[in-house]
Novice: 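Okay, here's the structure, questions in a sec.
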Amino acid sequence: MQFGAVRFFLVGMGSNTAVLCEIVGSSAPHHRADIPLSWPETLRMGVATRSHIRCAPQLFRDAGRLMKIGAADKPVLARVRAAVRVELDVQRREDDWLFARRLCG
């Protein structure tokens, strides 16, 4: 999917709301939630070679404005969804830690 100049991987869809993960190039700083794409995967998806999917999900509330640019195989979707679950769990633990730290001073 694409919105403006930014490309995304569609993780899930609701009523006009999409769950997206940004597709970043190899020059972007590495993030713990990044998963690499193989050369054939980048071709099928229509993205630059050596791209990564940053599996830190974002909600997009006007999904009708997204433009489809490629397709991914089911194994890629499964890898992305698994990485999203891990990242959401890590973010939840970070939020719990920050909350506890504020309470304890």
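No hydrogens, no waters, no symmetry mates; every other heavy atom, side chains included, goes into these values.
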Novice: Say whether L37 and F8 are linked into one hydrophobic cluster, either directly or through other cluster members, by side-chain heavy-atom distances under 4.5 angstrom.
Specialist: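 Result: no, two separate clusters.
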Novice: If hydrophobic clusters are built by linking Ile, Leu, Val, Met, Phe, Trp and Tyr wherever their side-chain heavy atoms come under 4.5 Å apart, do V84 and I53 end up in the same one?
Specialist: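 Looking at the clustering, I53 is in the same group as V84.
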Novice: How would you list, by chain and number, every residue that makes a side chain to side chain contact (heavy atoms under 4.5 Å, CB included) with D89, sequence neighbours excluded?
Specialist: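 Result, side chain to side chain contact (heavy atoms under 4.5 Å, CB included) vs D89: R92, R93.
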Novice: Which pairs would a plain distance check flag for residues 65-75, meaning a side-chain donor or acceptor within less than 3.5 Å of a matching protein atom at least two apart in sequence or in another chain?
Specialist:
from, atom 1, to, atom 2, distance (Å)
D73, OD2, R44, NE, 3.0
D73, OD2, R44, NH2, 2.9

Novice: Apart from L43 itself, what residues make up its hydrophobic cluster when side-chain heavy atoms of I, L, V, M, F, W and Y under 4.5 Å apart count as a link, directly or indirectly?
Specialist: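 So far as hydrophobic clustering goes, L43 is joined with W39.
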Novice: Which residues pass the ring pair (Phe, Tyr, Trp, His ring centres under 6.0 Å) test with F60, sequence neighbours left out?
Specialist: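 Per chain and number, F60 pairs via ring pair (Phe, Tyr, Trp, His ring centres under 6.0 Å) with F3.
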Novice: Can you see which heavy atom on P36 is nearest to which on R79, and at what distance?
Specialist: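 The pair with the smallest heavy-atom distance is O-NH2, 2.7 Å.
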Novice: Tell me, please, which residues at least two apart from A48 pass side chain to side chain contact (heavy atoms under 4.5 Å, CB included).
Specialist: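 If we apply the side chain to side chain contact (heavy atoms under 4.5 Å, CB included) test to A48, skipping adjacent residues, the hits are S51.
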Novice: When rounded to the nearest 0.5 angstrom, what distance separates CE in M1 from CZ in F9?
Specialist: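 Rounded to the nearest 0.5 Å, the CE-CZ separation comes out at 11.0 Å.
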Novice: Would you say I23 and M45 make side-chain contact, with heavy atoms under 4.5 Å?
Specialist: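 In contact.
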Novice: State the SG-CZ distance between C55 and R85, to the nearest 0.5 angstrom.
Specialist: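 Answer for the SG-CZ pair, C55 versus R85, is 11.0 Å.
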Novice: Same hydrophobic cluster for I35 and V47, using side-chain heavy-atom links shorter than 4.5 Å among ILVMFWY?
Specialist: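 In one cluster: yes.
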Novice: Less than 3.5 Å apart, which donor and acceptor atoms pair up between the side chains of residues 10-17 and the rest of the protein, not counting sequence neighbours?
Specialist:
from, atom 1, to, atom 2, distance (Å)
N16, OD1, A63, N, 3.4
N16, OD1, G64, N, 3.3

Novice: May I ask whether V80 and V86 are part of the same hydrophobic cluster, defined by side-chain heavy atoms of I, L, V, M, F, W, Y residues being less than 4.5 angstrom apart, directly or through others?
Specialist: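 Different clusters: V80 never reaches V86 through Ile, Leu, Val, Met, Phe, Trp or Tyr contacts under 4.5 Å.
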Novice: Can you name the side-chain hydrogen bond (donor to acceptor under 3.5 Å, both in side chains) partners of Q58, sequence neighbours left out?
Specialist: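 side-chain hydrogen bond (donor to acceptor under 3.5 Å, both in side chains) list for Q58, sorted by chain: empty.
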Novice: Can you list every salt bridge (charged side-chain N to carboxylate O under 4.0 Å, His left out) pair that touches residues 22-33, not counting sequence neighbours?
Specialist: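 Non-adjacent pairs meeting salt bridge (charged side-chain N to carboxylate O under 4.0 Å, His left out): R32-E87, R32-E94.
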Novice: Going by the rule side-chain hydrogen bond (donor to acceptor under 3.5 Å, both in side chains), which residues pair with S38 if we only count those two or more places apart in sequence or in a different chain?
Specialist: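 Residues passing side-chain hydrogen bond (donor to acceptor under 3.5 Å, both in side chains) with S38: E41.
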